[in-house]
Amino acid sequence: MIPTRHAGPVAAPHAASAGTVPRVMLWVSAALLPATLFGFWLYGWPAVHLWWVTTGSAILGEAFCLRLMQKPVAPVLRDGSALLTGWLLALSLPPWAPWWAGVIGGLFATVIGKQVFGGLGQNLFNPAMVARVMLLISFPVPMTLWTAPLPMLSANAPGFVDGLRITFGTLPATFDAMSSATLFGYARSELSRGVDLLQSLAATQAPTISLLGERAGSLGETSSLLIAAGGLLLLGLRIITWHIPFAMLATIALFASLMHGIDPARYLSVGIHLLSGAAMLGAFFIATDYVTSPNTAVGQLVFGAGVGFLTYVIRTWGGYPEGVAFAVLLMNALTPVIDRYTRPRIYGRDRRGAPLEIDP
Amino acid sequence: MGIFEKIFRHHPPWGVHPDDHKLPAANAPLRSLPLPALLYVPMQQHVGSPARPVVLVGQHVLKGQLIAEAQGNVSAPVHAPTSGRISAIGEVTAPHPSGLAQLAITIAADGADTWCERLPVDDPFALAPEEIARRTAAAGVVGLGGATFPAAVKFNLGRRLKVNTLIVNGGECEPYLSSDDRIMRDRAAEVVDGLRIVMYAIGAREALVGIEDNKPQAIAAMRVAAAAFGNVQVRPVPARYPMGSDKQLIQTLTGKEVPADARAAEVGVLVHNVSTCAAVHRALRRGEPLVERIVTLNGGALTRPGNLLAPIGTPVVDLLRFAGVSGRPARLVLGGPMMGIVLPHARVPIVKGASGILAFDAAEAHVAEAGPCIRCGSCTRACPMGLLPLEMASRIGADDLAGAAGFGLSDCIGCGCCAYVCPSHIPLVQYFSYAKGELSARERSKLRNDATRRLAEERVARLEREAREKAAAAARRKAERDAAKAAAGAAARPLPVRIVKPASEAAT
Amino acid sequence: MWLAIFSLTLLGTLLGLALGLAAKRFHVEASSIVAEIEALMPGSNCGQCGFAGCPRAAAAIADGSAPVTVCPPGGKALAQMLAARLGISIDLTSVADEGPQIAIVAEDICIGCCRCSKVCPTDAIVGAAKQIHNVIREACTGCGNCIDRCPTEALLLQPLPVTVQHWVWPKPATVVIALAV
Amino acid sequence: MTAYLLLLLSTALVNNVVLVKFLGLCPFMGVSRNMDSALGMGLATTFVITLACAATWLLEHWLLAPFDLGYLRILTFILVIAATVQFVEMVVKKSAPALYQALGIYLPLITTNCAVLGLALLTAQEKMSFLRSLVYGFGSALGFTLVLLIFAGLRERLALARVPAAFAGAPLSFILASLLSLAFMGFAGLSFQ
């Protein structure tokens, strides 16, 4: 009746909840699936090819680093985090971006963004956003070439092979589609030409905004509805909490309504801010990354509000048309500071850590 | 209880809700263990100094006879759990995670189970409160919820600090365990009488019995038993681990928060376990010292799980045999799965604080490999003390114990919620136990250092004193010699004298 | 030229005066780091470090002529504390530390010569001439001074036995995935 | 008023002294091991920069410019900065001995922090008004403090990470600094016109 021997003393508890890291990653991937499939449909085969090139590169980058450090490769890859990093990066790229953008981005995300810091859980910046920002700064032109929606089975849509040729650059980008612009980019360029928003948005060539997402934009960022559905799934499963998405979207909405109210000719409306660009994807999937965001409720509210505020500032006054990636990185950098100043109150102590007064 | 209430049932913002696994063991009727042949009674079954044996090998003792007396202020005596012969006083494996040995008295039972003379009290409320505390202490009653703090010490504390409210802990939030549940169902009258004696002993005006709402029969039984006493209220509390922890139960029932580094009594409440109250009842009304307890036998490797009434000192192996083991248990746990300790083998005796023995099958004992922390924050949400387990563990991992202490390591109650919810299966509790132990070891070595320094200083002082005394003695002898010589010289012709050894040299 | 000399002189004088005043106003007594280090040392003056007593060793550690690992009885724990105090980082893996030790008298070969008790820095050895000596466990620092003095080799250094009261949980093994680093 | 507020923002974030102008890198790498000392260093440097900007403006406009002593600019500026740093050192030693110990050699080294002299020279070169140079210096110093604090926070967390041996220490700190400037690129071209 001697029980099995263990190497050392086994500490309590002798029970565990069902949650595991691969399970979390799996659910996040599942939540991304609707928006991704919609993106595939909307932008056709080149988007599919870009997706697998990017995620493949991210996974390869991770595997390469693990091999180099002589760590076991398979168990780490199985946690699904590299897949998710590549996936999120792919969703944030222009759908017809060339293959090398996906490769460079994917490798940069997992190698420089993550493995250099020691792998999962140790990185300080969101790997996907690090890669996104690096690509945007290094290759501003291809990273802001947008495709008008060209649904997969429609007449002009490129087929599988044409898609490959577009992604891998052998087919010159002669498709009319390539000349489209996002709403933010359009509004900005029109504003700089001296056309105010009231006129430019009323013009016939103005990009439209739609809840389902039939507009020009990044591969997986256009369908606010599907992204929000995925986000609600994660909320329901308690994989993420409401604090960051709520604080981020509420802050964007607050500033947008404030500024739009002051001068509708210069500032875009709340709806455009929330439904266009990367706000939804950022709020539910990127800013909520466990590793690089604070882990107390108050800290998460501060973090989300910060991302929202910086997003609005960069979108409205900054040099780039979209600011979510920068805002996320900047708030990632501030996370340790936020964590430090938003520690929860310990039972029996006040906020500063001194024991409570004895009050019989 | 509508659906609405089920969905929005209020639960505290802390803690976890593990599968409770209490059935079918909790519903199996209480059984008595047949008397084992050999009982190993450890000397340290309580918080404080170990008891000191007062019997000799070979001596015959009766059930309930004092075999080891309390030593010091915080300690408890130990009594013979059955009648028989003392066959050894030596070391046995302690019910302790280290698996190290500790002193125990071995009794070979004679099978008669003859009680020694008992001194029951008909009306404990006629005694002075001090006398109740004295009798409780003499009966060796300690906290039976697991903390094993000597009960009488708490009585005196409560009386001194004018405690108003007695909280009776029937939480039993640990999964698998049902010994408190059982005692409330089967001996509710004893529990209520015991808690009234405790109230009287500490001078409390009201008693709140907190019982988790997953034990409806216990709540009903206790309500019936307490119906006659207006100042005893049975209060169901949400089933949420760790509701049975003093601080959390006090907060749930009274809204009061015990300040850090303070005792509950300082905010006017005192917590006693239901089983402790029953033991107080037996000690006073029947004059029986604490020599047996109800132990929950549970776990996937047992064929007949349930609650057993067993004498203290029974080897775990006897309990397991009685409860029927299927195959070889993958792990033996003393206590509950959240805070219990792993037993190295089954020849460990049960002690006063042993609320349960869990024999896990392979699936239950599965230890998942620890992965890296992904900072998901589940642990911070689960922590009932408002700590940041992930920050503490990462600092302990990097050997920054002082940093971990800065995050409130000393406030950790070791409940295991954080490790339970961790998706990376990081053994957080072990990190904290290690750090706490290491910090207190450092504290000890600092005290030892100070003691050493004092000893070294005393030695220097001693050497100086001895040198001084030697010098003084030499000087005195010289003076005596000189005087003697002078006297002799006065009588005879003075001789030239050469001093052989100057005093200063003698002193070196 | 003269203007430059004059203005620089004036500037220097003014700033110098201001700083002089400030130095008076904000004067602080320098704290003695030697005293702080000495407080951390075991204080038994056993001499194993090669210095005449703990105060000397503390002075040597403070001025950098002795490493923080100089004190054998202090072991790893002391080296860590000293390094933290002095703000230096050290590699402790090379420091041999068998944990605390104490001297034990083998009672069957002790002849009661009293030589050991004379060198014990903490008076931890008791025993009269021709009587078996004994080591007081609480007072022994494990410095080892007595070991060589014993003519019959009756003194041994042994690790302090671990008891249930003093046992400490081991630190959990680092994450398996990171083991290969 | 708005102009000064915008100047403050632009000097602190858009034209950050460390991440965009690459001044003051020595304390940025040296005193960023923990947040407390980083904050202390940042505040001390803020004080020095603001005071130095004010003092050098006075020097520039009352001494150097009227008497045509421009060739003494660097010399006199250094003199003033060194005296200010000495003063700060005394104050810190008196009021925060722990911080004094933590900052160590980096406290007197504020004298040679190129951000201090650089900002003073820039204000002189751009012929700013007194108030403007004060705000300019203060804003830049705030940006320096902010970045130092952020970087210290990140490095504090890095200290707990299991970093591959090849990148441990300085290499990773440089990578981290580059990623941080990548993030700050988001402020590039920020204009409120």
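Numbered from 1 within each chain, the chains take letters A, B, ... in sequence-line order. What you are looking at is a predicted structure, and each value in this text was computed from that prediction instead of being measured.
- For the atom pair B:L388 CG and A:T342 OG1, the distance stands at 8.5 Å (nearest 0.5 Å).
- Heavy atoms closer than 4.5 Å to chain A are found in both the backbone and the side chain of B:K247.
- Using a 4.5 Å cut-off between heavy atoms, A:S81 makes no contact with chain B at all.
- Shortest non-hydrogen contact noted between B:I374 and A:V21 is CD1-CG2, 4.0 Å.
- Once rounded to the nearest 0.5 Å, the distance linking OG of B:S410 with CD1 of A:I346 reads 7.5 Å.
- Taking the side chain as every heavy atom from C-beta outward, A:R23 and B:P423 never approach each other to under 4.5 Å.
- With hydrogens and angles disregarded, no donor-acceptor distance shorter than 3.5 Å links the side chain of B:S433 to the backbone of A:A11.
- Counting heavy atoms from C-beta on, the side chains of B:H425 and A:T20 come closer than 4.5 Å.
- In plain terms, the two heavy atoms of A:A12 and B:M338 that are nearest each other are CB-O, 3.2 Å.
- The local environment of OH in A:Y290 is crowded, with over 12 non-hydrogen atoms from other residues, nucleotides or ligands closer than 6.0 Å.
- Heavy atoms of A:D339 lying under 4.5 Å from chain B belong exclusively to its side chain.
- Within the model, atoms OG1 of B:T380 and CZ of A:R343 stand 13.0 Å from one another, a figure rounded to the nearest 0.5 Å.
- A distance-only check finds a donor-acceptor pair linking the side chain of A:Y347 to the backbone of B:V258 [under 3.5 Å].
- Summarising the geometry, atom CD belonging to B:E257 is positioned 4.0 Å from atom CZ belonging to A:R345; distances are rounded to the nearest 0.5 Å.
- With rounding to the nearest 0.5 Å, the separation of CZ in A:R340 from CD in B:E391 is 11.0 Å.
- Interface remark: B:A419 contributes backbone and side-chain atoms alike to the contact with chain A (heavy atom separation under 4.5 Å).
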